[in-house]
Amino acid sequence: MAVDVLLGLQWGDEGKGKIVDYLAGKYDVVARFQGGPNAGHTLEFDGIKHVLHQIPSGIFHPHIVNIIGNGVVLDPVIFQEEAQKMMKFDIDVTKNLYISKKTQIIVPTHRLLDKASEQAKGNDKIGSTLKGIGPTYQDKIGRSGLRVGDIIADNFEERYEALKQKHLGQLAFYGFEEDFSEMEKAFFASVEFLKKFKLVDSEVLINKYIAEGKSILAEGAQGSLLDIDYGTYPFVTSSNTTVAGACTGLGVAPKNIGRVIGIVKAYCTRVGSGPFPTELFDEDGETLGKVGNEFGATTGRKRRCGWIDLPALKYVIALNGVTELHMMKADVLNGFETIKACTAYKLKDGSVTEDMPYELQDVTDAVYEDIKGWNKDLSDVKDFDAFPAEVKDYVAYLEEKLAVPVKVISIGPDRTETIMR
Ligand code: GDP
Ligand code: IMO
Ligand code: MG
């Protein structure tokens, strides 16, 4: 069977975790293919809220195999904390979680390098989550990284030491010093913990599952506008968050990709630095943040809020070949008489475009269309027909502008607050 890919289409935090958990029951396998502990995916059911950073969001369904793919960068310390939390909920993660031996490992000095690099950038800082993501991907591409499969090698400590020495040289360049002896102790303890897990050649396993007709959902982290190639560079993350990342990050051939599910907020948020043409600095922005509880699931930082950005969405829908959209957090717009959608950008040189410019920083103004809001509570809605006409109109408007069907409308954080069409 084909591998379905679920991706965030904005700057992350669209609600991917909620939908993976919602859809997971229909799949045999859920796999993460890129990113690492910079991600924070929130799931809510039975009155409990869970935040997952590295463990795939299918973990609460005992029949599902969860895979951390080779494209991921894994912090064993954060992994241990997460896995132990799961164990408290009686989930035997050592049984239904597999980790690729080719997954790159985040070591303590990667985290220090992230900090040092951000400090050196000053006002131009990326606004990284400081989890060591950039430095770990740099070592992967620079061919000096450590992989999960290496932890059982006799010379693992030696190889770790060599990488650490290289990092100490880089930290000296930045003039950065910090005692990390405690971090190092925790790191080695967590490496021992990691040995309890099924460390596998996940690309082989996944292709075996495909051949057996098993259904697989690939769970993206971050969002397409944070993609290393197509995002708002340099204010991006260090991996391919777009659909091709699922191919390289899991070993899935393009011909085996099926549905491409684009997760999109009914408005837009961003955390960290970088351009955001529809960002609001007024009361409406405050309302979106307050009603949407827009605080980062990983760092707790306040998320910047604004209206939906159609030119940016059109751009990433094409890049990803999105086959369906899931519109999240419709309920956050409940109190608005008018909703705005950005349909074009005005650029520095005075021109107006519906295309993504080379530098999104060059956008001076967003051009908006007004849409009538529903201005009603949606909590009693149980099926699509029961939505107020204005919600249906907004959905139809997005479908017309983006030329992709909207299959799911989410009206609250809980698993049950999901309306499938
Ligand atoms: P992810 O990184 O894409 O998985 O998203 P996050 O978990 O970082 O952020 C999404 C936030 O919105 C979480 O707090 C979710 O519980 C919450 N959420 C998801 N869907 C909805 C929704 O339809 N309405 C509301 N109000 N909150 C939602
Ligand atoms: P999920 O999977 C939102 C942002 C950071 C920063 C930039 C680079 O929960 O949607 P990094 O730590 O990767 O070096 O940070 O990317 N960022 C995210 N923003 N959601 C995420 O993940 C993010 N992961 C990274 O805020 O601007
Ligand atoms: Mg998140």
Side-chain angles (χ1 to χ4, degrees), residues 6-22 32 34-45 48-54 56-57 72-73 75 106 110-111 113-115 117-118 121 125-138 219-228 231-239 241 262-276 288 290-304 326-334 378-379 381 408-419:
L6 182 144
L7 304 161
L9 297 187
Q10 293 157 320
W11 282 287
D13 303 331
E14 296 87 352
K16 299 175 291 292
K18 171 184 165 162
I19 296 295
V20 172
D21 168 65
Y22 173 75
R32 279 277 308 267
Q34 46 67 236
N38 50 350
H41 294 182
T42 314
L43 288 66
E44 242 182 271
F45 52 88
I48 304 175
K49 177 170 153 174
H50 305 271
V51 180
L52 296 170
H53 300 288
Q54 306 181 103
S57 301
V72 170
V73 290
D75 185 324
I106 302 176
H110 281 135
R111 300 183 62 161
L113 280 167
D114 217 355
K115 238 192 201 175
S117 159
E118 284 285 78
K121 285 194 161 102
K125 69 170 194 234
I126 309 297
S128 158
T129 59
L130 302 179
K131 302 293 178 195
I133 306 297
T136 308
Y137 277 116
Q138 281 176 37
E219 173 181 5
Q222 290 80 54
S224 293
L225 299 174
L226 288 170
D227 182 276
I228 184 71
T232 47
Y233 193 87
F235 302 102
V236 292
T237 190
S238 299
S239 64
T241 58
I263 310 295
V264 61
K265 273 180 189 163
Y267 50 100
C268 193
T269 64
R270 170 163 210 172
V271 59
S273 328
F276 181 2
L288 290 173
K290 216 181 275 164
V291 180
N293 191 26
E294 294 295 357
F295 293 91
T298 297
T299 58
R301 288 178 295 174
K302 196 172 175 200
R303 295 178 185 144
R304 301 153 65 192
H326 292 192
M327 185 178 87
M328 310 302 292
K329 304 189 94 160
D331 55 301
V332 177
L333 299 179
N334 284 356
L378 299 178
S379 41
V381 173
V408 165
I409 292 117
S410 175
I411 55 168
D414 194 85
R415 203 189 256 172
T416 57
E417 293 170 304
T418 316
I419 310 297

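Throughout, residue positions are numbered sequentially from 1 according to the sequence presented. In listed order, ligands and their atoms are each counted from 1.
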Contacting atoms of ligand 2, where contact means under 4.0 angstrom from a heavy atom of Gly272: 27 (O)

Please collect all salt bridge (charged side-chain N to carboxylate O under 4.0 Å, His left out) contacts where either partner lies in residues 263-272, sequence neighbours excluded, each pair once. Lys265-Glu294

To the nearest 0.5 Å, what is the distance between CG (Asn334) and CG (Leu378)? 4.0 Å

Using distance alone, determine whether Ser238 and ligand 2 share an N or O pair under 3.5 Å. no

Non-hydrogen atoms of Ala39 and Thr298 that approach each other most closely: O-OG1, 3.0 Å

Could you grab the distance from atom CG of Leu225 to atom CG of Leu9, nearest 0.5 Å is fine? 8.0 Å

At a 4.0 Å threshold, what atoms of ligand 2 neighbour a non-hydrogen atom of Lys16? 1 (P), 2 (O), 10 (O)

Just how far is it from atom CD of Glu44 to atom OG1 of Thr416, taken to the nearest 0.5 Å? 9.5 Å

Residue and atom name of the nearest protein heavy atom (relative to atom 8 (C) of ligand 2), distance in Å to one decimal: Val236 O, 3.4 Å

Looking only at atom types and distance, does a side-chain atom of Arg32 sit under 3.5 Å from a main-chain N or O of His53, one as donor and one as acceptor? yes

In the protein, which heavy atom is nearest to atom 14 (O) of ligand 2, and how far is it? Ser128 OG, 3.3 Å

Tell me whether ligand 2 is touched by Arg303 - counting only heavy atoms on the residue side and a distance under 4.0 Å. no

Using a plain distance cutoff, I'd like to know if Asp114 has any nitrogen or oxygen under 3.5 Å from a nitrogen or oxygen of ligand 2. no

Test item: Gln138 side-chain N/O and Thr136 main-chain N/O as donor-acceptor pair under 3.5 Å: no

Show all protein N/O/S atoms under 2.8 Å from the Mg ion (ligand 3), or state that there are none. Asp13 OD1, Gly40 O

Residues in salt bridge (charged side-chain N to carboxylate O under 4.0 Å, His left out) with Arg304, at least two apart? Glu279

Suppose we measure from atom 5 (C) of ligand 2 to each protein heavy atom; which comes out shortest, and what is that distance? Gly127 O, 3.5 Å

Distance from Tyr137 atom OH to His110 atom NE2, nearest 0.5 Å? 12.0 Å

Numbered atoms and elements of ligand 2 in range of Arg301, under 4.0 angstrom, heavy atoms: 5 (C), 26 (O)

Can you find an N or O of Gly40 that's nearer than 3.5 Å to an N or O of ligand 2? yes

The side chain to side chain donor-acceptor pair (under 3.5 Å) partner of Arg303 among Asn293, Thr269, Asp13 is Asp13

Write out the residue and atom name of the closest protein heavy atom to atom 13 (O) of ligand 2, then the distance separating them to 0.1 Å. Thr237 OG1, 2.6 Å

Within reach of ligand 2, part of Thr299 (heavy-atom separation under 4.0 Å): neither

Backbone or side-chain N or O of Thr129 under 3.5 Å from ligand 2 N or O: yes

Quick one: does any side-chain atom of Glu118 pair with a main-chain N or O of Gly127 as donor and acceptor, under 3.5 Å? yes

Is the closest side-chain heavy-atom distance between Val264 and Gln10 below 4.5 Å? yes

Using modelled atom types only, decide if a donor and an acceptor are shared between the side chain of Ser57 and the backbone of Asp21 within a distance under 3.5 Å. no

Numbering as shown, the atoms of ligand 2 that approach Ala221 to under 4.0 Å (heavy-atom distance): 2 (O)

Can you tell me the protein heavy atom closest to atom 27 (O) of ligand 2 and the distance? Val271 O, 3.1 Å

Note: Leu226, heavy atoms under 4.0 Å from ligand 2, region reported as side chain

I need the nearest protein heavy-atom contact for atom 20 (N) of ligand 2: residue, atom name and distance, please. Asp13 OD1, 3.0 Å

Does at least one non-hydrogen atom of Lys131 fall below 4.0 angstrom from an atom of ligand 2? no

Rounded at 0.5 Å granularity, tell me how far CD1 in Ile228 sits from CD in Gln34. 11.5 Å

Distance, nearest 0.5 Å, that separates CG of Asn38 from OG1 of Thr237: 4.5 Å

Pick one of side chain, backbone, both or neither for how Trp11 approaches ligand 2, counting any non-hydrogen atom pair under 4.0 Å. backbone

Side-chain (Lys18) to main-chain (Asp414) donor-acceptor, under 3.5 angstrom: yes

Every residue of the protein that comes under 4.0 Å of ligand 1, judged on heavy atoms: Asp13, Glu14, Gly15, Lys16, Gly17, Lys18, Gly40, His41, Thr42, Glu44, Ala297, Arg303, Met328, Lys329, Asp331, Val332, Ser410, Ile411, Gly412, Pro413

Under 4.5 Å between any side-chain heavy atoms of Ser239 and Leu226, yes or no? no

Can a donor-acceptor pair be found, under 3.5 Å and without considering hydrogens, that links the side chain of Lys131 to the backbone of Gly36? no

Between Gln222 and Thr241, a side-chain donor and acceptor under 3.5 Å: no

Taking Lys16 for its side chain and Gly223 for its backbone only, find out whether a donor-acceptor pair lies under 3.5 Å. no

Atoms in ligand 2 with a heavy atom of Ala39 nearer than 4.0 Å: 1 (P), 2 (O), 9 (O), 22 (O)

Identity and distance of the protein heavy atom lying nearest atom 23 (C) of ligand 2: Gln222 CG, 3.6 Å

